[in-house]
**Student:** 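The structure is given below, and queries will be raised subsequently.
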Amino acid sequence: MQYFLYVLFGLLGGLIGGMGMGGGTILIPLLTLFLNIPQLQAQTINLISFIPMAIVSLVIHIKNKLVDFGALLKVLPFALTFSIIGSIFALKINSNILRTIFGVFMLLIGSFFMLKSLKNYFFKYISSHKYTNTLSKIKLLVRLK
């Protein structure tokens, strides 16, 4: 059963990672919650498994001309520098604190995306109706609550 979970979590992490959303977003919580792997070890597993997944995904994205190399060169030096700082930081703190930080980060990111999606949904809903003035749109939005 445990081997099956490793395979399943690897498939899910690879799928999410291949879409460019960060396989660790799903892999780390799955490893810690269901396989009782300590947070720092789960993050290390994620980092190591990320390398081949990233290479395969990157090749596909480059072939489809989806990589902005200008933006990459602007982000990369800072990402590399702060990944070193983050790794040192992760080694210095307790696994439970690291898990809490990761959980709060995931909640914040999830909340941000949820609110953004709801906002887009409501604006599309309002604009799909034949209301032309702003007051009518506001009344419709209030009525939806």
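Computed from a prediction, not measured in an experiment: that's the story for all the values here.
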**Student:** Hey, is the main chain of Ile28 close enough, under 3.5 Å, to the side chain of Asn46 for a donor-acceptor pair?
**Tutor:**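 Absent.
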**Student:** Can you check whether Phe34 reaches Pro29 side chain to side chain, under 4.5 Å on heavy atoms?
**Tutor:**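 The answer is no; the side chains never approach within 4.5 Å.
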**Student:** Roughly how far, to the nearest 0.5 Å, is CG of Leu8 from CE of Met1?
**Tutor:**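 It comes to 9.0 Å.
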**Student:** Quick one: CD1 on Ile26 to CG on Leu11, what's the gap to the nearest 0.5 Å?
**Tutor:**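 The CD1 atom of Ile26 sits 12.0 Å away from the CG atom of Leu11.
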**Student:** Grouping I, L, V, M, F, W and Y whenever their side-chain heavy atoms are under 4.5 Å apart, do Ile60 and Ile16 come out in a common cluster?
**Tutor:**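 No; Ile16 is not reachable from Ile60 via cluster members.
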**Student:** Tell me if a side-chain donor or acceptor on Asn64 pairs with a main-chain N or O of Leu66 at a distance below 3.5 Å.
**Tutor:**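 Side chain of Asn64 to backbone of Leu66, a donor-acceptor pair under 3.5 Å: no, none is there.
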**Student:** Got a list of side-chain donor-acceptor pairs under 3.5 Å for residues 36-43, not counting sequence neighbours?
**Tutor:**
residue	atom	partner	partner atom	Å
Gln39	NE2	Gln43	OE1	3.0

**Student:** Can you measure from CG (Leu27) to OH (Tyr6) and round to the nearest 0.5 angstrom?
**Tutor:**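 Result: 10.5 Å between the selected atoms.
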**Student:** Count I, L, V, M, F, W, Y as connected when their side-chain heavy atoms are under 4.5 Å apart, and connections chain through other members. Are Val56 and Leu58 then in the same cluster?
**Tutor:**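 Different clusters.
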**Student:** Just verifying a value: how many Å separate Leu12 CG and Thr25 OG1, rounded to the nearest 0.5 Å?
**Tutor:**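 Answer for the CG-OG1 pair, Leu12 versus Thr25, is 12.5 Å.
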**Student:** Is there a path from Ile45 to Phe4 through hydrophobic residues (I, L, V, M, F, W, Y) whose side chains come within less than 4.5 Å of each other?
**Tutor:**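 As far as the 4.5 Å side-chain criterion goes, Phe4 and Ile45 are connected within one cluster.
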**Student:** Using a 4.5 Å cut-off on heavy atoms from C-beta on, say whether the side chain of Leu35 contacts that of Phe9.
**Tutor:**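 Answer yes - side chains close enough.
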**Student:** Hey, any chance Val75 and Val67 share a hydrophobic cluster, counting ILVMFWY side chains that come within less than 4.5 Å of each other, even indirectly?
**Tutor:**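 No, Val75 and Val67 fall in different hydrophobic clusters.
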**Student:** Show me the donor-acceptor pairs within less than 3.5 Å that the side chains of residues 103-114 make with the rest of the protein, sequence neighbours left out.
**Tutor:**
residue	atom	partner	partner atom	Å
Ser111	OG	Leu107	O	2.8

**Student:** To the nearest 0.5 Å, what is the distance between OG1 (Thr100) and CZ (Phe102)?
**Tutor:**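 CZ of Phe102 is found 12.0 Å from OG1 of Thr100.
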**Student:** Where the side chain of Ser57 meets the backbone of Ala54, is there a donor-acceptor pair that is under 3.5 Å apart?
**Tutor:**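 Here the side-chain-to-backbone pair does not exist.
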**Student:** In the structure I gave you, are the side-chain heavy atoms of Ile101 and Phe89 within less than 4.5 Å of one another anywhere?
**Tutor:**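 The answer is yes; the side chains approach within 4.5 Å.
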**Student:** Within a strict 4.5 Å, meaning less than it, do heavy atoms of the Phe69 and Leu72 side chains meet?
**Tutor:**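 With C-beta onward as the side chain, the pair touches.
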